[in-house]
Amino acid sequence: MARVLLENIVKRFGRVVAVDHVNVEVRDKEFMILLGPSGCGKTTTLRIVAGLEFPDEGRVYIDDRDVTDLEPKDRDVAMVFQNYALYPHMTVYQNIAFPLMIRRKKLGLTKADIKKKVLEVAKMLKIEDLLDRKPGQLSGGQQQRVALARTLVRRPKVWLMDEPLSNLDALLRLEMRAELKRLQKTLGITTIYVTHDQAEALSMADRIAVMNKGRIIQVGSPDDVYLRPSHVFVGTFIGSPPMNTIKCVIAKSNNEYILQCSGFQRKIPGGELAGVRDQQEILLGIRPEFIDVYKEPVPGGIKAKILVVEPQGSEVILNVDINPGGEETLLKIKTKYTAKYRTGETIYIKPDWTKISIFDYKTGKSLA
Amino acid sequence: MGRRRGKVFLKYLAINIIVWTIAILWTLPFIGVAMVSVKPFKEVVINGWWTLTGHYTLKNFIDAWSNPIYGVGRGYTNSFIIAIPSTIIPLFIAALAAYVFSRFSFPLKTWLFITLLVIMSMPQQMSVVPLFFMLDRMGLYDQLSGLILVHSAWGLAWITFFLKNFFDTLPKEVEEAARVDGAGDFHIFFRLVLPMSLPAIASVSAIQFTWVWSDFFYALVFLASPEKYVVTLQVANMRGQYFVDWGLLSAGAIFTMLVPLLVYALLQKYYVRGMVGWTIKG
Amino acid sequence: MFRGLWRRSGKKRRGRSKKAIIITFLLPELILLITFVLTPIVGTFVISFQTENGYGPDNYYKVITETSPDKALVLPKNIESLRPPPWGALIHNIVWVLIHLPLVVFLGLALAYLLHEVKGSSIVKTIIFLGMVIPMIVGGLLIRFMYDGTLGVVPLLFKTLGINSLAKTWTNYPQTALISLILGSVWLWTGFSLTVYSAAFESLPKSYIEAAKIDGASGLQIFFKIVIPLLKHATIVVVVMTMLWDLKIFDIVYVSTLGGPGGSSNVMALVMYLYFARALDYGRSAATAVILALITLIPGAWFIKQVMKSGKEKR
């Protein structure tokens with residue numbers, strides 16, 4: 001059992017605040033992914049858990065032990081680095097055995113014990129044939145497996161990974177995603193994983209912590225962050241293409257709310273929007289895949305003109321203007337590639353109004 | 001098309017001729033000395049060294065090696081006794097310091113680093129007068145051990161600078177990985193950083209060894225008794241003021257440069273990389 | 001409340017172990033440097049100002065105004081009998097830089113550029129680099145050999161060309177001694193600039209040159225407008241190191257001419273040695289050393305500035 005708790009972590013580099021009052025709890029056996037753009041503080045947060053950086057404020061707990069001031073070696077964590085950080089002068093076997101060799105006396109291991117453990121983990125990662133080679137002789141994918149084996153050989157309490165898949169080619173990356181997730185679940189190791197790739201995060205995580213500018217914006221399951229973003233940043237960072245945002249004004253009368261957007265108006269049920277002022281400026285968020293497209297006018301359909309057609313194989317992304325003639329209001333739509341679409345064509349679109357998000361225009365926070 | 005190819009070929013030919021002419025000119029002194037060394041000097045004076053005919057002899061080499069007054073044979077041992085520790089000692093000490101310069105920040109770091117750079121540009125002459133008195137007082141004047149200490153200390157600056165630059169290029173993640181894996185500072189330095197630095201260590205060893213072997217000035221100033229002379233002193237003494245026996249001197253010169261040339265031949269890659277690397281980064 | 005206390009002590013503990021490492025690793029170096037390098041350097045300063053009656057700049061005055069041919073720094077006496085050279089040793093050092101430096105830069109750069117298109121270029125490089133490998137004392141002997149009236153290549157060449165005035169042992173005549181050593185030092189030192197420039201060429205991204213070609217630049221334009229500016233850093237290195245080498249030159253001169261004849265190939269380092277070992281005048285010897293060190297600090301300071309700048313860029 002291992003639970004990681006970050007309490008009010010602050011880390012500054014000179015004047016830059018890299019991590020800004022981060023609070024997050026990683027549950028036992030959970031696969032937690034820190035997701036965010038580069039420079040958002042996710043790697044620094046991970047390194048604070050590893051003990052490679054020490055926070056200026058706040059505490060780090062593993063289980064209920066305060067490890068804030070402990071050196072990495074006393075924390076029982078293991079970390080996979082982006083460039084694998086294999087020891088170039090050691091063989092694969094020596095690399096994997098290294099964490100055990102160092103603790104040999106403390107753990108009371110014999111050479112035979114170590115060998116057994118190394119072979120076991122090598123088998124698990126299918127690298128038994130590579131044990132005599134040096135890292136320089138391995139392919140990227142093989143190096144990756146060695147790096148994983150090295151971290152798993154001593155069954156750490158917490159498994160840390162810093163963009164471990166980003167140096168692999170696209171196909172191998174997809175393959176490794178599934179394998180990493182499987183490994184994590186079979187071994188049941190509490191895992192913190194850093195990535196900037198939202199697809200990777202959505203496909204692997206139990207929960208995702210979305211970070212921006214040193215802060216945690218939202219923590220939740222992949223469904224949560226995808227369908228119910230708490231902040232416009234989450235909506236626009238996750239998803240490909242990202243969520244459409246349209247600036248609108250809310251007119252409030254009695255218990256009715258009317259969204260006034262360029263190109264269309266829409267009445268929405270009021271119960272969901274507590275605390276909204278009359279004439280408040282908001283951002284309406286609509287995911288490109290939650291919009292239906294019609295060639296002919298339909299009730300409740302919004303007229304739109306196709307500007308660009310981007311075929312994606314089985315799907316197509318349409319870039320449309322929903323306010324033709326007026327101020328250009330752009331929207332991306334992802335839809336099945338069933339009909340032929342032409343640039344300049346007029347179509348009618350109908351968002352799925354149950355899956356929209358509404359954010360405050362000024363703060364970006366979700367209002368729904 | 002054909003004309004273009006012809007022009008390109010002519011240019012190629014011209015460049016090759018120029019470059020190889022220069023290269024051959026460059027080797028002439030070496031060839032000349034080699035020829036003179038294996039011929040009786042009288043014959044060389046009359047016929048020139050560029051003829052392949054005439055007698056060949058090893059007499060010059062035997063005399064240059066074992067002559068009781070100016071033979072370089074004795075100097076050889078002394079040169080090795082000085083050059084080997086004068087390579088190992090500063091290499092080890094500077095490696096420790098360079099690691100600290102590369103990985104830690106501490107007060108006065110910038111100033112210490114600048115001091116190293118200043119030392120690197122200082123002429124040896126700047127230390128000689130006080131060192132002479134100091135060594136004398138410490139009983140190290142005219143001692144091989146005194147020369148070893150001086151060479152070691154004066155090698156520190158450039159070796160520290162060189163190794164610091166090299167350590168800077170080593171991926172920090174490897175050390176961090178070891179830290180997370182449970183290794184301490186000493187372990188990381190001796191078991192990871194040093195083994196990973198073998199190329200740089202080879203460069204430093206090759207160059208520092210050659211430099212100490214080749215040193216003339218410190219030996220001239222700090223060694224007094226002929227039985228302590230190093231090989232560079234011996235070969236310089238072979239040259240008479242007015243009459244120069246080039247046969248003997250050539251053999252002596254060949255003996256003297258033989259060891260550096262061997263080091264160069266064995267470690268050429270590291271030697272050249274070191275020469276370029278301690279001045280250029282990366 | 002206790003948490004705060006723990007925290008501070010934890011930080012301290014980390015700091016202490018870090019401090020221990022820094023001190024342990026730095027200490028041997030500092031001890032050796034202070035004893036055998038820094039103290040002597042300061043000592044030389046002090047001695048250079050010591051005179052019979054207390055401290056003063058007398059040594060400097062005497063050293064600079066000295067006119068005996070074997071020790072003069074600026075100008076020796078009886079200038080009329082020997083048309084220059086000889087000048088003083090300091091002037092010789094400067095002449096050395098003025099002739100040696102451009103030749104070395106040009107030769108190194110040109111050869112590195114040409115060697116791009118030559119088969120067996122690594123052999124040529126190895127040959128030219130040999131001058132860097134052999135002991136300078138041997139280099140000096142080989143230079144002396146090149147100019148030897150009976151055996152040397154240079155006099156022989158002029159003999160075949162019919163120029164008998166130059167078909168003699170160059171190092172034995174005041175008019176030719178200095179220039180012969182300077183040219184000989186080009187032979188020794190070109191390997192350095194060639195190697196630095198070759199390495200710089202290799203690290204030049206080919207795409208720059210290819211882009212320039214597509215943009216329509218000629219070979220010469222590419223060389224002057226693209227290649228040379230990109231080699232700025234290498235040039236700085238070559239210039240600084242060559243200047244330092246020229247100013248410190250000693251072995252070559254000692255073994256081939258001992259500064260002669262008549263001081264016509266004398267250099268600073270040799271003057272310093274002659275004061276020290278022949279005249280046993282330690283004050284003037286130290287003063288000469290300080291002057292030499294101050295002059296080497298001109299390229300030295302430039303070098304330090306470059307190093308510190310590139311260090312900052314990296315950070």
Side-chain angles (χ1 to χ4, degrees), chain A residues 14 43 46-53 70-91 94-107 109 134-136 143 146-154 156-164 167, chain B residues 91-92 95-96 98-110 113 162-206 267 269-270 273-274 277 282:
Chain A
T43 296
L46 188 78
R47 290 165 62 87
I48 286 172
V49 178
L52 291 170
E53 307 277 358
L70 293 185
E71 292 290 333
K73 62 175 174 0
D74 302 322
R75 296 190 178 199
D76 201 7
V77 298
M79 180 157 163
V80 184
F81 289 79
Q82 184 172 357
N83 58 6
Y84 318 138
L86 297 178
Y87 310 129
H89 57 293
M90 298 182 189
T91 63
Q94 288 167 326
N95 261 285
I96 300 175
F98 185 81
L100 296 179
M101 289 299 279
I102 283 179
R103 295 181 169 74
R104 193 177 53 212
K105 292 200 186 98
K106 209 166 119 195
L107 299 176
L109 290 172
K134 291 266 176 79
Q143 290 187 19
V146 176
L148 291 173
R150 191 175 70 190
T151 54
L152 289 176
V153 71
R154 66 190 157 96
K157 271 191 179 163
V158 186
W159 200 18
L160 307 173
M161 288 186 256
D162 184 8
E163 310 237 5
N167 284 1
Chain B
L91 177 59
F92 182 71
L96 291 171
Y99 185 64
V100 170
F101 271 109
S102 173
R103 291 292 188 272
F104 297 92
S105 61
F106 50 91
L108 295 178
K109 177 176 165 176
T110 310
F113 192 62
F162 182 93
L163 289 181
K164 182 218 169 251
N165 283 349
F166 185 84
F167 291 158
D168 284 350
T169 66
L170 288 180
K172 290 201 177 54
E173 289 83 359
V174 172
E175 284 157 62
E176 288 176 344
R179 219 169 273 280
V180 178
D181 283 345
D185 284 305
F186 278 90
H187 199 110
I188 288 174
F189 180 74
F190 287 104
R191 298 283 291 279
L192 288 178
V193 175
L194 280 190
M196 281 163 72
S197 306
L198 277 180
I201 289 172
S203 291
V204 168
S205 308
L267 297 171
K269 191 173 75 182
Y270 301 105
R273 218 184 267 163

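Naming: A, B, ... by sequence-line order, numbering from 1 per chain. What you see is a predicted model; the values in this text were computed from it and never measured. Atoms considered below: every heavy atom in the structure, side chains included; atoms not considered: hydrogens, waters and symmetry mates.
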- Note on the structure: Note: vs chain A, highest number of non-hydrogen pairs under 4.5 angstrom among B:Pro195, B:Ala183, B:Pro171, B:Gly182 is B:Gly182
- Taking every heavy atom of A:Ala78 against every heavy atom of B:Val180, the minimum-distance pair comes out as CA-CG1, 3.8 Å
- Message: How long is the straight-line distance from CZ of B:Arg179 back to CZ of A:Arg75, given to the nearest 0.5 Å?
- Response: 12.5 Å
- Please name the residue in the list A:Leu86, A:Leu52, A:Asn83 that meets the side chain to side chain contact (heavy atoms under 4.5 Å, CB included) test with B:Glu173. A:Asn83
- Test side chain to side chain contact (heavy atoms under 4.5 Å, CB included), reference B:Asp181, set A:Lys73, A:Met101, A:Arg154, output is A:Arg154
- Is B:His187 close to A:Ile102 at the side-chain level, that is, under 4.5 Å between some pair of heavy atoms? yes
- Message: Under a 4.5 Å cutoff for heavy-atom pairs, which residue among B:Lys172, B:Arg191, B:Met196, B:Glu176 has the most contacts with chain A?
- Response: B:Glu176
